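In what follows, a single structure is set out as structure tokens and then discussed.
Everything numeric in this text was worked out from a predicted model, so none of it was measured. This chain uses plain numbering: 1 for the first residue, then up along the sequence.
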Amino acid sequence: MSASLRDIPPVHEVLASSSFVSLLEKHPRDMLVAVVRTHLQTIRTQLQQGVDATDELGMERLAERVGETIQEQLQPRLRTVINATGILLHTNLGRAPMAEEAVAAASMAAQGYLNLELDLKTGKRSHRPDAVRGWIRQLLGSESATVVNNNAAATVIVLRALACGKEVIVSRGELVEIGGSFRIPEIMALSGAILKEVGSTNITRISDYERAITSNTALLLRVHASNYRIEGHTEAPSLAELVELGKQTGIPVVDDIGSGSLIDMSAWGLKDEPLASVSLKAGADLVMFSGDKLLGGPQTGIIAGRADLISKIEHDPLMRAFRVDKMTLAALEATLRLYLDPEKALQAIPHFRMLEMPLAVVQERGYLLARYLGNMPGVQVHVVNCEAYVGGGTLPASAVPSVAISVKCDHLSEEELARRLRLHTPAIMGRIEDGAVLLDLRSVLPEQDQILADALRHIVEPSA
Ligand SMILES: *Cc1c(COP(=O)(O)O)cnc(C)c1O
């Protein structure tokens, strides 16, 4: 006979059953009560809809279901992802993976106490940014430097500390939106500075800036277009021209270079990536950039340049809200120290290793994977050429030659295959193209190849 609503046991009876002993040992009672209640409610609904849920009412079965639900609920929400998207600095995946040295420093800072705001020589209180100020000065040749939570915060605090209630001149070609809700005009409004747009989308000349200057002008701001390019008939003044105008009028020039490489990236085809040191040499009064884009460190915003301006910024009340935490600061210091020897930085920072890997090596990894996955019935695996991207606000047109494995399954749609890969532990993110899932190997850490292969085998096996 099939079960009826009267056969649904009360929650306390379920928890008193011998099948729940081990669950009660492992999990708090309140948690179990809530999950059991939900399960019983589901069964009630099924019965009301005329579904035969007799099997679901056994205590063993209930314990099994409740155990599974709790397992799933207790999974961390943040999980490791194998990045097979081909985008090396993927904002949704945490941008730059950090060098081991930076990971160790963050871990050191997390585990115990450290001299975050203490001068060990004098025993007196110090300032948090002191830990990185010297390294940045040394690497960039700047007079001073400071650090905040990210480059968006750097923009806000620079504008607020140096131009609140005053005008900031920006070219219309540079009023960019950089992902999510970061739009220059909105940031400007938020900071209390007054935006003075000059020129047009494609053409802005130095004379446009010159004409816009009034006694209320506080800054000349240049913003790197980062994630887009205007092709064709374009014109913008050089930084040197802006600096010259700034010198004549006594107005500081601020250069937001966005991804802030410390190494000349032209060897990898990233010809337009501005260097902070070049901006400062050209005479920019301040330069700012992100720590977790091309630099390869933790999420931070670095501001470098004139000591008097940096001091003003550090005395702004917002500094307290924007300051970085101890783990971030430690990781940033360790990352910066790697750059004292650029060769070392190139070897230690994961995205540089990914960029530097010869195409033939990526290809070889692809063939190995394809061979390992070969001969599964109903599964087609191919090695295909594709293009990877640096991402992180670098030139959108600068593709890096790469190799992907393309996977198609007779018994799974490409969406279902991609979904199962995402829900795997560790999660795997690829992209869907022409009915197949493409897994770009340039952005995959080589030590993850085997994990990727095993996961794929497990997921595409028809019995799975
Ligand atoms: C990425 C970027 C920002 C924002 O930096 P976050 O560190 O992500 O806050 C600001 N300006 C430019 C030009 C950028 O490329």
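Within a 6.0 Å sphere centred on CD of Glu100, other residues, nucleotides and ligands contribute 12 heavy atoms or fewer. Atom CD of Glu447 is surrounded by more than 12 heavy atoms from other residues, nucleotides or ligands within 6.0 Å. A 6.0 Å sphere centred on NZ of Lys166 holds no more than 12 heavy atoms belonging to other residues, nucleotides or ligands. Counting non-hydrogen atoms of neighbouring residues, nucleotides and ligands closer than 6.0 angstrom, the CG atom of Asn115 exceeds 12 such neighbours. Heavy-atom neighbours of Glu72 CD from other residues, nucleotides or ligands within 6.0 Å: at or below the threshold of 12. The local environment of CG in Leu78 is sparse, with at most 12 non-hydrogen atoms from other residues, nucleotides or ligands closer than 6.0 Å. Around atom CZ of Arg337, no more than 12 heavy atoms belonging to other residues, nucleotides or ligands sit under 6.0 Å away.
Atom CG in Leu139 sits 9.5 Å away from atom OH in Tyr339 (nearest 0.5 Å). Atom-to-atom distance recorded for Leu74:CG and Ile70:CD1 is 6.5 Å, nearest 0.5 angstrom. One distance of note links CD1 of Ile302 with CZ of Arg133; it measures 13.0 Å at 0.5 Å rounding. Summarising the geometry, atom CD belonging to Glu364 is positioned 11.5 Å from atom CE belonging to Met357; distances are rounded to the nearest 0.5 Å. Note: Glu244 CD to Leu242 CG = 11.0 Å, rounded to the nearest 0.5 Å. Atom OG of Ser413 is separated from atom NZ of Lys408 by 12.5 Å, given to the nearest 0.5 angstrom.
Remark: side-chain polar atoms of Asp208 are paired, donor with acceptor, to backbone N or O of Arg205 under 3.5 angstrom. Within the 3.5 Å criterion, the main-chain N or O of Ala145 finds no donor-acceptor partner in the side chain of Ser142. Checking side-chain atoms of Asp285 against main-chain N and O of Val253 turns up a donor-acceptor pair under 3.5 Å. Side chain of Gln111 to backbone of Met108: no donor-acceptor contact under 3.5 angstrom is found. Here the side chain of Asp130 pairs a donor or acceptor atom with the backbone of His127 at under 3.5 angstrom. A donor-acceptor distance shorter than 3.5 angstrom exists from the side chain of His424 to the backbone of Pro426, with no hydrogens or angles considered. A side-chain donor-acceptor contact under 3.5 Å links Arg353 to the backbone of Gln347. For Lys196 (side chain) and Ala212 (main-chain N/O), a donor-acceptor pair under 3.5 Å exists by modelled atom type. Although no hydrogens or angles enter the test, the distance criterion places a donor-acceptor pair under 3.5 Å between the side chain of His351 and the main chain of Leu294. Of the possible polar contacts, one joining the Glu143 side chain to the Ala307 backbone as a donor-acceptor pair under 3.5 Å is found.
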Can you check salt bridge (Lys or Arg N to Asp or Glu O under 4.0 Å) on Glu117 and Arg323, steps first, answer last?
CA-CA 12 Å; Glu117 293 177 358; Arg323 70 183 187 181; 3.7 Å; yes

Apply the test side chain to side chain contact (heavy atoms under 4.5 Å, CB included) to residues Val381 and Leu369: give CA-CA distance (whole Å), side-chain angles for both, the deciding distance (0.1 Å), then the verdict.
CA-CA 9 Å; Val381 181; Leu369 272 170; over 6 Å; no

Residue pair Ile405, His382: steps toward the side chain to side chain contact (heavy atoms under 4.5 Å, CB included) verdict:
CA-CA 6 Å; Ile405 52 170; His382 298 287; over 6 Å; no

With salt bridge (Lys or Arg N to Asp or Glu O under 4.0 Å) as the criterion, how do Arg431 and Glu433 come out once you've worked through the C-alpha distance, each side chain's angles and the decisive distance to 0.1 Å?
CA-CA 6 Å; Arg431 60 174 192 269; Glu433 231 175 83; 3.0 Å; yes

Evaluate Gln299 against Thr328 for side chain to side chain donor-acceptor pair (under 3.5 Å), listing each step before the verdict.
CA-CA 7 Å; Gln299 181 197 295; Thr328 301; over 6 Å; no

Could you walk me through whether Ser443 and Asp440 pass side chain to side chain donor-acceptor pair (under 3.5 Å), step by step?
CA-CA 7 Å; Ser443 55; Asp440 191 317; 4.9 Å; no

Show your working on side chain to side chain contact (heavy atoms under 4.5 Å, CB included) between Gln448 and Leu445 and close with a plain yes or no.
CA-CA 5 Å; Gln448 294 176 323; Leu445 302 165; 3.6 Å; yes

With side chain to side chain contact (heavy atoms under 4.5 Å, CB included) as the criterion, how do Gln138 and Leu340 come out once you've worked through the C-alpha distance, each side chain's angles and the decisive distance to 0.1 Å?
CA-CA 8 Å; Gln138 190 173 340; Leu340 298 174; 3.7 Å; yes

Before giving the answer on side chain to side chain donor-acceptor pair (under 3.5 Å), spell out for Asn202 and Thr234 the whole-Å C-alpha distance, their side-chain angles and the decisive distance to 0.1 Å.
CA-CA 5 Å; Asn202 59 329; Thr234 66; over 6 Å; no

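No donor-acceptor contact under 3.5 angstrom links the side chains of Thr204 and Glu235, judged on distance only. Between the side chains of Thr69 and Gln73, no donor-acceptor pair of N or O atoms lies under 3.5 Å. A donor-acceptor pair shorter than 3.5 Å can be found between the side chains of Asp255 and Ser279. At a cut-off of 3.5 Å, with distance as the only test, no side-chain donor of Ser311 or Asp308 sits close to an acceptor on the other residue.
Each of Val254, Ile303, Leu286 was scored for a side chain to side chain contact (heavy atoms under 4.5 Å, CB included) with Leu309, with one residue passing: Leu286. When each of Asn83, Ile428, Asp449 is tested with Val444 by the rule side chain to side chain contact (heavy atoms under 4.5 Å, CB included), just one qualifies, namely Asp449. Between Leu162 and the choices Ile157, Val168, Leu219, Leu221, the side chain to side chain contact (heavy atoms under 4.5 Å, CB included) rule is met once, by Leu219. When the options Arg95, His224, Glu273, Lys293 are evaluated for a side chain to side chain donor-acceptor pair (under 3.5 Å) with Ser259, the one that passes is Glu273.
What you find for Ser406 and Ala436 is that their closest heavy atoms are OG-CB, 3.6 Å. For the pair Leu295 and Ile349, the tightest heavy-atom approach, listed with the atom from each and the gap, is O-CD1, 3.5 Å. Heavy-atom minimum distance, Ala331 versus Ala106: CB-CB, 4.2 Å. Closest approach of Tyr372 and Arg457 over heavy atoms only: O-NH1, 2.7 Å. The two residues Ala282 and Leu239 make their nearest non-hydrogen contact at CB-CD2, 3.7 Å. Between Tyr389 and Ala399, the shortest heavy-atom distance links the atoms CE2-CB, 3.6 Å.
In this structure the side chain of Val384 never reaches within 4.5 angstrom of the side chain of Val403, judged on heavy atoms. Taking the side chain as every heavy atom from C-beta outward, Ile82 and Leu439 never approach each other to under 4.5 Å. Proximity of Lys281 to Val278: side-chain heavy atoms (C-beta onward) are nowhere separated by under 4.5 Å. The shortest side-chain heavy-atom distance between Ile313 and Arg160 does not fall under the 4.5 Å cut-off. Side-chain contact between Met98 and Asp292 is absent, with no heavy atoms from C-beta onward closer than 4.5 Å.
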